[in-house]
Protein chains: 2
Amino acid sequence: MARVRLIDVAELAGVSMKTVSNVVHSYPHVAPALREKVQAAIDQLGYRPNLTARRLATGKTGMIALAIPEIDHPYFSELSRQMAEEATRRGYRVIIEQTLSDPDLERAVLSDREAGLVDGVIFHPVRMGTLDIAKLDAGTPLVLLGEAAMPVMTDHVMIDNVSAALDATRHLLASGCRRIAFLGVIAADITGSTSQRLLGYQQGLLEARIRLDPELVFTALEFTAEAGLRSVTDAIERGVRFDGVVCRDDRFAIGALKALHDSGRSVPEDVAVVGWDNTFLAAYTSPTLTSVAPKKTALVAAAFDLLEERIGGYRGVGRHVIVGHSLEVRESAPHAF
Amino acid sequence: MARVRLIDVAELAGVSMKTVSNVVHSYPHVAPALREKVQAAIDQLGYRPNLTARRLATGKTGMIALAIPEIDHPYFSELSRQMAEEATRRGYRVIIEQTLSDPDLERAVLSDREAGLVDGVIFHPVRMGTLDIAKLDAGTPLVLLGEAAMPVMTDHVMIDNVSAALDATRHLLASGCRRIAFLGVIAADITGSTSQRLLGYQQGLLEARIRLDPELVFTALEFTAEAGLRSVTDAIERGVRFDGVVCRDDRFAIGALKALHDSGRSVPEDVAVVGWDNTFLAAYTSPTLTSVAPKKTALVAAAFDLLEERIGGYRGVGRHVIVGHSLEVRESAPHAF
DNA sequence: CCGATAATGTACAGCGCTAGAAAGATATTT
DNA sequence: AAATATCTTTCTAGCGCTGTACATTATCGG
């Protein structure tokens, strides 16, 4: 079952390869009669262009890589979906690379860009720092996501984490919480995404003239609901009192919800909970979860806009785009209650 | 910033392209001194082989496509992750194609295989029937997932849905349920996956000499938690009485849990709930969710085994592999209670 | 009715890498 | 020392498609 090649079609139709190619690409100046004859040959042979060859000849791959820590984190799987759909709309395909927050795998992402596999990369780093990225940043178009490193030459899309965390904290304060915890500090996260959220949280407390109690900053060991659950359970067992908790992401919030439920506390009456990312989970927990909602659609669009400009030849300094966010208020932290 | 090519390295090192290529591929018969010199040139220039060119030359792409309905369905995102990791172990990369359960997109998956982009395809069809697939099945290696169509010539991996549904139903019966509902019939799902689960459910009732009450088969409009919630809420509002429910997947189960909670019923005391897929969600709902657990690791391994055999040249009839499953018992449907 | 402009079509040199044939160099054997 | 075997390296023809340069026809105003 040998593949049908362009030249096979050309021979059958009795024309040159280029003419067949012109038909395939709907090049305007092909005589209707010829076009028909060629098309017939294409159909008869079931010809499909070999994309690899096309790529080698044109230098464009039509693919972009999306490098994220974990495919199955709800935030990233939802993001992936939107990226894939936006890519399709813009005529690209997406290769998803999972870095597992492993520094070596993250580095590999940036090195691979040079392998000519993709036209560009959208990358959400977790472990790599600014310098690491700057050092490896070769010529291939790159757009960074998240709050991590931001080398001056690289484009970057994010939400304003400080102000989003501030909003979440204010929301809890407004509904009467006074001992608000922050769940989700993690030693391995050096990217500052968490620390910015923590900063917004502190700022919120400050506004309300509440002194930050270090006991209320809950640490987790890794980015899982399980770790969140354990962290909150530990705090409860240590006797820490709190009436609200801002979580670094929805998975932690789900763990928190479960820990509170298991310990007999009710949400939001005893403890109000705010999550982050507004993944679909938030709408299906009991109680449903109030969550910080980054404008994902805007984020995806912005990332592609920047990337396409780079692919188009832009070589200037890095642009830093901040997309909006909102707070999706649900049962776990309703308006005044 | 022109790319460094093989020939550039060869010139710098003063050797032929093939020698450089030999070094790149760790070909054994290269004199140590030369190898070192070449390696130095590679490092100095920062050479990375152009994968597109390599592909054209070898005919192997090193990529496989994973075509699934939705990236952000927890079952599929967890599956994707495992597929991606298994692929890495076996030296492949994965391109994820989202079909959105759209017949045209599903068809496109099979047509694309011929475009020489990937060495093989792992495909979980939802809408395409046996004949459709058989018709489009060209020469490229293909392995199907799920319970859908099974053309004789195509390899196929699945779990035994009938017996898994039977297990779930028996479990509910054993803990005293007598009016057990089935949630998740969907008109658009023609693949038989749901109908097999329904069959196992009926079989379970039959064993217990319980007549199937059609009122207890809950229909949903689409595969979302929202649709599951609505379906169960409707049933409750219609006055349908039931004390157990087998759900077609975890997302429906989450919707059901929420509907029951919202209507003031407690789980499992009033109604016991069993989900399907054992996604990570199951462990973090309140109560936690008992769920049918396909052996994902085995499934992924089997799919790759079959695919690699096809890639390796196997041309025989389709193999149909059934991987195991278990029932992860959690709070929503504990053992006798 | 002619040269000029536009419309069609062909030829062929790459894109960067691989791999088999062939050549050159060195080691082993008798 | 000649002959054979074994390494090591070079040469070069593709992989299938694109795009430029050029050849060949139509089209058309004056």
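Below, all heavy atoms of this structure are taken into account, side chains as well, without hydrogens, waters or symmetry copies. First the proteins, then the strands, lettered A, B, ... as listed; each starts at 1.
Looking at A:Ser77, its side chain never comes within 3.5 Å of a backbone N or O of B:Ile71 through a donor-acceptor pair. Judged by distance alone, the side chain of A:Ser80 and the main-chain N or O of A:Phe76 form a donor-acceptor pair under 3.5 Å. Distance alone, capped at 3.5 Å, places no donor-acceptor pair between the A:Ser21 side chain and the A:Met17 backbone.
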Residues A:Thr140, A:Val121; criterion side-chain contact (heavy atoms from CB on, under 4.5 Å); working and verdict:
CA-CA 8 Å; A:Thr140 329; A:Val121 178; 5.6 Å; no

Before you tell me yes or no, could you show the steps for B:Phe123 and B:Leu66 under side-chain contact (heavy atoms from CB on, under 4.5 Å), namely the whole-Å CA-CA distance, both residues' side-chain angles and the distance that decides it to 0.1 Å?
CA-CA 6 Å; B:Phe123 176 30; B:Leu66 173 64; over 6 Å; no

Apply side-chain contact (heavy atoms from CB on, under 4.5 Å) to residues A:Glu106 and A:Leu110 and explain how you reach the verdict.
CA-CA 7 Å; A:Glu106 292 202 336; A:Leu110 293 191; over 6 Å; no

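OP1 or OP2 of D:dT9 has not a single side-chain nitrogen or oxygen of B:Ser16 nearer than 4.0 Å.
Among the nucleotides D:dT10, C:dG9, C:dT10, the one closest to any side-chain atom of A:Val15 is C:dT10.
Taking atom CD on B:Glu11 and atom P on D:dT10, their separation rounds to 13 Å, with Å as the unit. Counting to the nearest Å, the C1' atom of D:dT27 and the NE2 atom of A:His29 are 14 Å from each other.
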Contact pattern, 5' to 3', of nucleotides 15-22 of chain D - B, S or - by protein heavy atom under 4.0 Å
BBBBBB--

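Atom CG in B:Leu299 sits 11.5 Å away from atom NZ in B:Lys295 (nearest 0.5 Å).
A:Gln98 and A:Glu70 are not linked by any side-chain donor-acceptor pair at a separation below 3.5 angstrom, with hydrogens and angles left out of the test.
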Using Watson-Crick and G-U wobble pairs with both distances under 3.5 Å, what is the 5'-to-3' dot-bracket string of DNA chain D, with [ ] for crossing pairs and | for pairs outside the strand?
||||||||||||||||||||||||||||||

